[in-house]
2 protein chains.
Amino acid sequence: MSPENTPRLREPRRRRDVLPETTVARLPGYHSVLSAMAASGLATVSSEALAQASGVSSAMLRKDLSYLGSYGTRGVGYDVEYLIYQIARALGLAQDWPVVIVGAGNLGHALAKYGGFASRGFSVVGLVDADPDTVGERVGDLEVQPMAELEALIERTRPAIAVIATPAEAAQAVADRLVAAGVRNILSFAAAPLSVPADVEVRTVDLATELQILAFHEQRRTGRADMTEASA
Amino acid sequence: MSPENTPRLREPRRRRDVLPETTVARLPGYHSVLSAMAASGLATVSSEALAQASGVSSAMLRKDLSYLGSYGTRGVGYDVEYLIYQIARALGLAQDWPVVIVGAGNLGHALAKYGGFASRGFSVVGLVDADPDTVGERVGDLEVQPMAELEALIERTRPAIAVIATPAEAAQAVADRLVAAGVRNILSFAAAPLSVPADVEVRTVDLATELQILAFHEQRRTGRADMTEASA
DNA sequence: TAGATTGTTAATCGATTAACAATC
DNA sequence: TAGATTGTTAATCGATTAACAATC
């Protein structure tokens, strides 16, 4: 980035292409709703209708789309196909991204076979596990590789993303090896804060925490005596 | 705060026990870090040390904890055991929450067997699937029930939370049935916006979207020609 | 008392919502 | 032209960070 005309002093909003993280997180949803609309033959859609179908407000939708550019027509709405194309381009949906999964337990196993990835442009190209009993097992058309092969596997397949599906205790060590091997994007299912260099993107999905958050709401709703209830 | 002197007109911050959603989402992390500390014999911890280990700033940690009450000692720090107890109480970790899973495909299967739930107070008490070939299959010590049994299962087990692990197309219909049967907390893995009454809590985890967000960053990092790069 | 560290208030930052001028 | 709807600006809201007085 920054070809020859380097920014003068401090650039006011870095480049032009910085989408807020919250916007990026919503774009896949718009894309999938639009795809369904296109499949049902819809040619044009208003921000109101698309927002409704996506479960957001129309103001937020228009704001989100405005970061991509001006692809709507006032008084008319958005061309469905064209908007699909623009969102796909922004997200990098055009290409196929190779993914390596570390940990072939229940979750790693399920993720490797998960159809939802392939359909959205991700190919699981490798699956490794520390347990010798699991190594060699066939999962879909992959064979579980030994942990020792991790670096060689990354070297060979050059994954854009690595998924950590190991126990929490192993997660940091795995992350360190992934980073050292050149991986810059990690999706972790381990309930442990990962420490990585600033240029590495990490997203953590902790399934038990998700349930915990819901349990908290349930507890509040049913008014557990020790928590709420103290009013006269 | 305010035991008998109930707030006059509009209460300024609803009750007293409203934790910001962001705070609730971080409490499980603090709890697990503290548990590890307790296991290693640590009796007391400062906000600085706990924050560091949890991957947040000490200011944010203190703010989060202050919503629960004043459980630290100035000049000293927090008593590890006591803080564990208070967080557990706030989150509802004391009790065991029954969970029903709808959809016994790759993901539902893995979730039913996932050890991370049991260890955090959740018991999977039922697993249903629409596919007659899957019904009757044994998963852990559960047997996959037919979809028609959903209401009866809920009636019998009274789950605090239901997990939707069906294809996106089926998700809304499943949610409707869950809500009608009395479920008030839903964790959905289906990439579809669910429409539910206001008193129903829904959390959506879309695995493909998580990868998509990372792919976006990878694309930006490697500077795909069509996205950025247009400057003179 | 001197040093450490909490709990809280105020400042900052970012994201969402509302409103409307531009324009099809 | 009259009606519809975008793209954007300004207002609001909420969450994070900084700072520090209270207090162990």
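Note that these values count all heavy atoms, side chains included, but never hydrogens, waters or copies made by symmetry. Sequence lines set the chain letters: A, B, ... in the order given, protein chains first and strands last, and positions in each chain run from 1.
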Rounded to whole Å, please give me the gap between [atom1] in [X] and [atom2] in [N].
{"X": "L65(B)", "N": "dT8(C)", "atom1": "CG", "atom2": "P", "result": "11 Å"}
{"X": "M60(B)", "N": "dG14(C)", "atom1": "CE", "atom2": "P", "result": "14 Å"}
{"X": "D79(A)", "N": "dT5(D)", "atom1": "CG", "atom2": "P", "result": "15 Å"}
{"X": "D64(A)", "N": "dG7(D)", "atom1": "CG", "atom2": "C1'", "result": "13 Å"}
{"X": "E21(A)", "N": "dT16(C)", "atom1": "CD", "atom2": "P", "result": "12 Å"}
{"X": "L61(B)", "N": "dT6(C)", "atom1": "CG", "atom2": "C1'", "result": "11 Å"}
{"X": "K63(A)", "N": "dA18(C)", "atom1": "NZ", "atom2": "P", "result": "14 Å"}

For [N], take OP1 and OP2 only and decide whether either is under 4.0 Å from a side-chain N or O of [X].
{"X": "Y67(A)", "N": "dA15(C)", "result": "no"}
{"X": "T22(B)", "N": "dT16(D)", "result": "yes"}
{"X": "Y71(B)", "N": "dT5(C)", "result": "no"}

Requested in this report: State the dot-bracket string of DNA chain D. Criteria: Watson-Crick or G-U wobble, both atom distances under 3.5 angstrom; notation: ( ) intrastrand, [ ] crossing earlier pairs, | interstrand, . unpaired.
Outcome: ..||||||||||||||||||||||
Query raised in the report: Does S123(A) reach the main-chain N or O of V125(A) with its side chain, forming a donor-acceptor pair under 3.5 Å?
Result: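 Flag not set: sc S123(A) to bb V125(A) has no pair under 3.5 Å.
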Query raised in the report: Is the side chain of W97(B) donor-acceptor paired with the backbone N or O of L211(A) at a distance under 3.5 Å, no angle test?
Result: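 Such a contact is absent between W97(B) side chain and L211(A) backbone.
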Query raised in the report: Got a sec? Which of residues 26-57 of chain A come in under 4.0 Å of DNA chain D, heavy atoms?
Result: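 Heavy-atom contacts with DNA chain D come from S46(A), S47(A).
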Query raised in the report: Out of I101(B), V163(B), D206(B), which residue meets the side-chain contact (heavy atoms from CB on, under 4.5 Å) rule with F189(B)?
Result: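 Looking at I101(B), V163(B), D206(B), the match for F189(B) under the side-chain contact (heavy atoms from CB on, under 4.5 Å) is V163(B).
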Query raised in the report: Looking only at heavy atoms, which two atoms of R158(A) and P98(A) are closest? And how far apart?
Result: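 For R158(A) and P98(A), the tightest heavy-atom pair comes out as O-CG, 3.8 Å.
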Query raised in the report: Of all heavy-atom pairs between L68(B) and A90(B), which one has the smallest distance, and what is that distance?
Result: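 Shortest heavy-atom contact: CD2-CB, 3.7 Å.
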Requested in this report: Go along nucleotides 19-24 of chain C 5' to 3' and tag each nucleotide: B for a protein heavy atom under 4.0 Å from its base, S when only backbone or sugar atoms are that close, - otherwise.
Outcome: B-BBBB
Do [X] and [Y] come within less than 4.5 Å of each other through their side chains, counting heavy atoms only?
{"X": "V102(A)", "Y": "R177(A)", "answer": "no"}
{"X": "S188(A)", "Y": "R203(A)", "answer": "no"}
{"X": "I164(B)", "Y": "L178(B)", "answer": "yes"}

Report task. Begin with the C-alpha distance, continue with both residues' side-chain angles, and end with the deciding distance and a verdict on side chain to side chain donor-acceptor pair (under 3.5 Å) for E201(B) and N185(B). Result -> CA-CA 5 Å; E201(B) 208 62 44; N185(B) 300 285; over 6 Å; no
**Report entry** Parallel, tilted or perpendicular: ring planes of Y85(B) versus Y82(B), cut at 30 and 60 degrees
**Finding:**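 Parallel, since the angle between the ring planes stays under 30°.
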**Report entry** Short N-O contact, E21(A) and R26(A), less than 4.0 angstrom
**Finding:**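 Answer for the salt bridge query: no.
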